[in-house]
Protein chains: 2
Amino acid sequence: MRILVAEDDRGLREVLVQGLEDAGYLVDAVDRGDDAIEQLKFYEYDVAILDWRMPGVPGVEVASWARRNDRPTAILMLTARDTPPDRIQGLDAGADDYLVKPFDFGELVARVRALQRRPRGVGAPVLNRGGLSLDPARRQVTLNGKLLNLTTAELYILELLMRRFPSVVDRKAIAEHAWRDETEPLGSNVIDVKMSRLRAKLVNSGVRILTVRGSGFRLEEA
Amino acid sequence: MRILVAEDDRGLREVLVQGLEDAGYLVDAVDRGDDAIEQLKFYEYDVAILDWRMPGVPGVEVASWARRNDRPTAILMLTARDTPPDRIQGLDAGADDYLVKPFDFGELVARVRALQRRPRGVGAPVLNRGGLSLDPARRQVTLNGKLLNLTTAELYILELLMRRFPSVVDRKAIAEHAWRDETEPLGSNVIDVKMSRLRAKLVNSGVRILTVRGSGFRLEEA
DNA sequence: GCTAGCCTGTCATCGAACTGAAAGGTAAAC
DNA sequence: GTTTACCTTTCAGTTCGATGACAGGCTAGC
């Protein structure tokens, strides 16, 4: 199993390379987007892990290039802060999945495994938890097969909680994930309001949103 | 195997034509970018070899045109200089590969072979969904065998929705796919208008266009 | 070269849905 | 028991999308 890592932060890059090699992968690493394209041109990687921000060519561009050229490589994007527009752009450009920094390394490996198992190009994998099923590509959530009608913000929040499960997600992360201007919701009680509405829609879903006083929120399987 | 060569330098053009014919290809040659577009319009080439700089229309433009019109032709660009910006521009425009002059002829043939192996040129696949059937090559749509009368723009939009099914397609992607100047439709509500008209033509088609508020549109099988 | 028809994009309007502020209530922490 | 953090509901403002009407432009047919 061959993996390409494109990440300009040297520390993180080395952690990734080491960790993935320990997990039994054959890993190549570059620190620039254009180098990533060059590598993708000459080797058929199973998975490419691309940083969003890189010198040369940004990760999105690399993903978009790979998709255009029908490279057989599944793409996992790493994003530092992720605003909705960023994320959508990434998935549209051809990324198959993405991870928000900071992430748990085990989580990364799990997703890499998921990617290599999956036929390529079908879009981001569906997130399941309890009776809930969130499809990032369709941007819809079903509860035991029945369509749940969530607003955009609610969906983003739920998505974040599911992706970070079972960790606690703090308000700052929620603000960054679900709002364009992440400073805005922090001064008000909007997040609480959204949580309330989201909870109301999640009754009998096999999943519950718990409050961790002073820290944030986390998902729990009921 | 049919190849189009677009190269204004007569010496190089003749070398290419001769060499490719010897390699067993059916070769057409032109010396202007606009002529290249004309050829691409009427024949389904497997591969087009385009010089970057040409009288009439530059190679990038030709590539971009081909991409925009979903020609089933893989594109190989010939560039004199090889700077990252050039490369990116070329690849962005829709080139599938590029070669820097001067190049080895064997290298060229190898790349042409690689391009024609790709799934893309293997006949224009008809898109089916519900009772709908869209033939990209003939640019027409039938509903249960009956011809649907769609305008050009409507067809482009429907095609994109079908290709991306079941994912959400954002307005930016629609704009890029269906308009030459993709900035134009974004400031207005043209997309909404087209959607409305398209929907009207798709009643009882077994397919529906759903709005995903704030994100875009997606197709759903009814 | 004129005319009819179709296509396009703009505008105005309508309606629905989403949003965030506020206010008052509740639970946890100390 | 007081304080602080969080929860819920209500409400009004705003945004977003749908649609019908219109004018300009292009094309085909005569």
Side-chain angles (χ1 to χ4, degrees), chain A residues 83-85 88 139-141 147-159 161 168-203 207-220, chain B residues 68 139-141 147-161 168-203 207-220:
Chain A
T83 64
I88 292 164
R139 243 153 267 173
Q140 75 178 14
V141 179
L147 193 67
L148 262 193
N149 203 9
L150 299 189
T151 72
T152 315
E154 287 163 1
L155 187 124
Y156 282 144
I157 293 174
L158 179 60
E159 183 189 13
L161 289 171
V168 173
V169 182
D170 63 33
R171 285 166 180 268
K172 188 159 163 291
I174 294 172
E176 282 173 3
H177 188 82
W179 275 265
R180 272 158 208 258
D181 176 10
E182 82 267 15
T183 57
E184 179 193 335
L186 293 176
S188 77
N189 74 337
V190 208
I191 292 181
D192 301 273
V193 172
K194 299 259 179 267
M195 279 299 169
S196 171
R197 305 208 247 243
L198 188 49
R199 275 176 171 138
K201 294 182 182 178
L202 292 185
V203 287
V207 140
R208 225 180 329 168
I209 298 175
L210 295 188
T211 304
V212 182
R213 209 181 153 86
S215 301
F217 304 87
R218 72 184 178 83
L219 219 55
E220 187 196 54
Chain B
R68 197 188 294 284
R139 308 264 89 198
Q140 68 182 19
V141 181
L147 194 65
L148 258 194
N149 202 10
L150 298 189
T151 73
T152 319
E154 287 164 0
L155 189 127
Y156 279 136
I157 293 174
L158 179 60
E159 181 189 12
L160 186 61
L161 289 171
V168 173
V169 182
D170 65 31
R171 303 173 97 91
K172 188 159 162 290
I174 294 171
E176 284 171 2
H177 188 82
W179 276 264
R180 267 166 197 271
D181 176 10
E182 80 266 17
T183 56
E184 178 195 334
L186 292 177
S188 75
N189 76 336
V190 209
I191 293 183
D192 301 85
V193 173
K194 298 259 178 268
M195 280 297 168
S196 176
R197 307 210 244 242
L198 188 49
R199 275 178 173 136
K201 295 182 181 179
L202 293 184
V203 287
V207 140
R208 224 180 330 167
I209 297 175
L210 296 188
T211 303
V212 182
R213 202 184 153 94
S215 299
F217 302 86
R218 71 183 178 82
L219 220 55
E220 188 195 54

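Lettering of chains follows the sequences in order, A, B, ..., and the numbering in each one begins at 1.
- The residue among Gly216(A) and Met195(B) whose nearest nucleotide of DNA chain D lies closer to the 5′ end is Gly216(A).
- In terms of heavy atoms, Leu210(A) sits closest to Arg199(A) at C-NH2, 3.8 Å.
- For the pair Leu161(A) and Tyr156(A), the minimum side-chain heavy-atom distance is 4.5 Å or more.
- Contact annotation: the side chain of Phe217(A) never approaches that of Val169(A) to less than 4.5 Å [non-hydrogen atoms, C-beta and beyond].
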5' to 3', nucleotides 22-30 of chain C under a 4.0 Å protein heavy-atom cut-off (B base, S sugar-phosphate only, - none) gives BB----BS-

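- In this structure, Thr151(A) does not reach the dC18(C) phosphate: none of its side-chain N or O atoms is under 4.0 Å from OP1 or OP2.
- Protein atom CG of Leu198(A) is 15 Å distant from nucleotide atom P of dG20(C), rounded to whole Å.
- Classification of Arg171(B) and Asp192(B) as a salt-bridged pair holds, one side-chain N sitting under 4.0 Å from a carboxylate O.
- For the OP1/OP2 pair of dA18(D) and a distance below 4.0 Å, the side-chain nitrogens and oxygens of Thr211(B) include at least one atom meeting the criterion.
- Rounding to whole angstrom units, CD1 of residue Ile157(B) and P of dT8(C) are separated by 9 Å.
- At its two ends the helix from dG1(C)-dC30(D) to dC30(C)-dG1(D) runs along axes set 30° apart, each axis drawn from five pairs and the angle rounded to 10°.
- Of the charged side-chain nitrogens involved, at least one lies within less than 4.0 Å of a carboxylate oxygen, so that Glu154(A) and Lys201(A) count as a salt-bridged pair.
- In this structure, Trp179(A) reaches the dG20(C) phosphate: one of its side-chain N or O atoms is under 4.0 Å from OP1 or OP2.
- For Arg171(B) and dC16(D), the shortest distance from a side-chain N or O to OP1 or OP2 is not below 4.0 Å.
- The residue Ala153(A) sits close only to the backbone: its heavy atoms come under 4.0 Å of sugar-phosphate atoms, none of a base.
- For Lys194(A) and dC18(C), the shortest distance from a side-chain N or O to OP1 or OP2 is not below 4.0 Å.
- As a whole-Å value, the separation of Ile191(B) CD1 from dT8(C) C1' is 14 Å.
- Arg197(B) comes within 4.0 angstrom of a base, heavy atoms only.
- Side-chain contact check for Met195(A) versus Ile209(A): some heavy-atom pair is nearer than 4.5 Å.
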